[in-house]
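One structure is given below, encoded as structure tokens.
Just so it is clear, the structure is predicted and the values come from calculations on it, not from any experiment. We name chains A, B, ... by the order of the sequence lines, and we start the count at 1 in each one.
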There are 2 protein chains.
Amino acid sequence: MESNALGILRQYDLRHTDTRENILNSFLQKTTALSHSDVETSLSDGFDRVTIYRTLKTFLDKGIIHKILDDNGGVKYALCKDQCASGHHHHDHVHFKCSECNETFCLEKFLIPEIILPEGYQRKDINVLVQGICPKCN
Amino acid sequence: MESNALGILRQYDLRHTDTRENILNSFLQKTTALSHSDVETSLSDGFDRVTIYRTLKTFLDKGIIHKILDDNGGVKYALCKDQCASGHHHHDHVHFKCSECNETFCLEKFLIPEIILPEGYQRKDINVLVQGICPKCN
DNA sequence: AGATTTTTTGTAATCAAAACGCAAATTTAG
DNA sequence: CTAAATTTGCGTTTTGATTACAAAAAATCT
């Protein structure tokens, strides 16, 4: 994936707007996953809540960002590193949430081991959230 | 764990009330995980929303039920089968959500494989949600 | 049983998160 | 530059969740 906002927008066939550029830059600058409200506060110019919802949904649909489940029933988002296309996310890495600093990270290099399912269950997508203490808080 | 509501309440040192008995029975009767609103609609007598929140929290704290993350940023609950005590949940099984019927199941017999973490990350709790098609919808 | 203490519940109010419809503004294409 | 299509902002509404407080119910103790 490109590493600048405009390039990404072009690559994914999205119109270039202030909101999208700014939100993408937020993701590019942070190493942690961002919730809707994280995104909202990361933007100095006050973009509308609803616009942010829609932008996140657009990015999600296009395969630019992926969802990360939060333990308290919330959702965070982070950039997809590669091999995600429109409507086809391919993630096999582990997510880690630190219970100390409450940050969530993608452990891109650490893949989800094979998970055996009972007969008849068809796997489509897997989400693994490990909670614990991150190196910084340790 | 006992398989009748009153027994469970006694076992966990909880007072026997209508709400608790009814909510426990909802869980005992269903094989799927229930959200707050699932519980609410499963009760014929109209118990108050707030009471249901509190009851779920109580059960959670006592180790009677456990949290299951939902992909859309929600939380569902299901009975703990065993080895959970007050404040000490021990779950190592996989959760499965069917994207067809939207039901979530505990796959009690299917354990989470060991997940390798980078140096310095300290694991405390793991949550695995597999999404796909369940046998009934296949 | 009856009275007391403690816990639990219901109500109302509050607050935040998320969704929808529509009109205005912006981007792209011609 | 103009027109068409998309995106955005705003008002409104719905839903989810939490709090404070008074009423009700459960357990305890004569």
Side-chain angles (χ1 to χ4, degrees), chain A residues 4-27 33-62 64-65 67-77 86 102 104, chain B residues 4-27 33-62 64-65 67-77 86 102 104:
Chain A
N4 70 87
L6 276 70
I8 295 174
L9 289 176
R10 222 176 298 120
Q11 177 185 348
Y12 285 90
D13 241 330
L14 287 174
R15 294 194 172 190
H16 165 228
T17 70
D18 278 6
T19 319
R20 287 176 182 165
E21 185 180 344
N22 278 282
I23 293 183
L24 267 181
N25 278 327
S26 291
F27 280 109
L34 303 176
S35 67
H36 172 274
S37 87
D38 291 336
V39 171
E40 195 175 4
T41 52
S42 81
L43 301 168
S44 44
D45 319 9
F47 293 101
D48 193 83
R49 298 176 51 72
V50 180
T51 304
I52 297 173
Y53 280 120
R54 285 187 286 219
T55 305
L56 291 174
K57 178 161 186 356
T58 304
F59 287 174
L60 204 56
D61 292 346
K62 286 282 183 179
I64 299 176
I65 58 176
K67 246 190 226 190
I68 302 174
L69 303 185
D70 208 357
D71 60 314
N72 52 18
V75 184
K76 295 191 171 188
Y77 305 91
S86 217
N102 284 316
T104 303
Chain B
N4 70 87
L6 277 71
I8 295 174
L9 290 177
R10 221 176 298 120
Q11 178 185 346
Y12 285 91
D13 242 329
L14 287 175
R15 291 195 174 190
H16 164 229
T17 71
D18 279 5
T19 319
R20 288 177 180 165
E21 185 180 345
N22 278 280
I23 294 183
L24 266 180
N25 278 327
S26 291
F27 280 110
L34 303 175
S35 67
H36 172 275
S37 87
D38 291 336
V39 171
E40 194 174 6
T41 53
S42 81
L43 300 169
S44 44
D45 319 8
F47 294 101
D48 193 83
R49 300 175 49 72
V50 180
T51 305
I52 297 173
Y53 279 119
R54 282 186 287 218
T55 305
L56 291 174
K57 179 161 184 359
T58 304
F59 287 174
L60 203 57
D61 291 346
K62 285 284 183 177
I64 299 176
I65 59 178
K67 246 191 227 188
I68 302 174
L69 303 186
D70 208 356
D71 60 315
N72 53 19
V75 184
K76 295 192 173 189
Y77 305 90
S86 219
N102 284 315
T104 303

Starting at atom [atom1] of [X], determine the distance to atom [atom2] of [N], rounded to an integer number of angstrom.
X: Glu21(B); N: dT8(C); atom1: CD; atom2: C1'; value: 15 Å
X: Tyr77(A); N: dA17(C); atom1: OH; atom2: C1'; value: 12 Å
X: Lys76(A); N: dA17(C); atom1: NZ; atom2: P; value: 13 Å
X: Arg10(B); N: dA26(D); atom1: CZ; atom2: C1'; value: 15 Å
X: Lys57(B); N: dT9(C); atom1: NZ; atom2: C1'; value: 17 Å
X: Tyr53(A); N: dT15(D); atom1: OH; atom2: C1'; value: 12 Å
X: Phe59(A); N: dT6(D); atom1: CZ; atom2: P; value: 17 Å
X: Asp18(B); N: dA25(D); atom1: CG; atom2: C1'; value: 10 Å

* Does a side chain donor of either Thr58(A) or Asp61(A) reach within less than 3.5 Å of an acceptor in the other side chain? ->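 No, because no side-chain N or O of Thr58(A) sits under 3.5 Å from a partner of the opposite role on Asp61(A).
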
* Asked: Which is true for Thr58(A) with a 4.0 Å heavy-atom rule: it touches a base, it touches only sugar-phosphate, or it touches nothing?
  -> nothing

* Under 4.0 angstrom, heavy atoms only, what part of the nucleic acid is Thr19(A) near: base, sugar-phosphate, or nothing? ->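 Sugar-phosphate contact only - Thr19(A) comes under 4.0 Å of backbone atoms but never of a base.
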
* Taking only side-chain nitrogens and oxygens of Arg15(B), does any of them come within less than 4.0 Å of OP1 or OP2 of dT6(C)? -> no

* Asked: Taking only N and O in the side chain of Thr17(B), is any of them less than 4.0 Å away from OP1 or OP2 of dT8(C)?
  -> no

* Earlier contact from the 5' end, DNA chain C, for Val50(A) and Val50(B) ->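 It is Val50(B) whose nearest nucleotide is closer to the 5' end.
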
* Nucleotide nearest Asp48(A) when distance is taken to its side chain, options dT7(D), dT7(C), dC10(D) -> dC10(D)

* Could you check which of dT28(C), dG9(D), dT8(C) has an atom nearest any side-chain atom of Thr51(A)? => dG9(D)

* **Any donor-acceptor pair under 3.5 Å from Asn25(B) side chain to Asn22(B) backbone** =>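 Answer holds: no.
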
* Asked: Is a side-chain donor or acceptor of His36(B) paired with a backbone partner of Val75(B) at a separation under 3.5 angstrom?
  ->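 Not at all, since once roles are kept as given, no pair shorter than 3.5 Å links the two residues.
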
* Asked: So, does the side chain of Arg49(B) form a donor-acceptor pair with the base of dG10(C) at under 3.5 Å?
  ->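 Per atom types, no contact qualifies.
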
* Please step through side chain to side chain contact (heavy atoms under 4.5 Å, CB included) for the pair Ser26(A) and Leu34(A), ending with a clear verdict. => CA-CA 9 Å; Ser26(A) 291; Leu34(A) 303 176; 4.2 Å; yes

* **Closest-nucleotide 5' rank along DNA chain D - winner of Arg54(B) and Leu14(B)** => Arg54(B)

* So, for Leu56(A) and Ile65(A), which heavy atoms are closest and what is the spacing to 0.1 Å? ->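 Closest approach of Leu56(A) to Ile65(A), heavy atoms only: O-CD1, 3.7 Å.
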
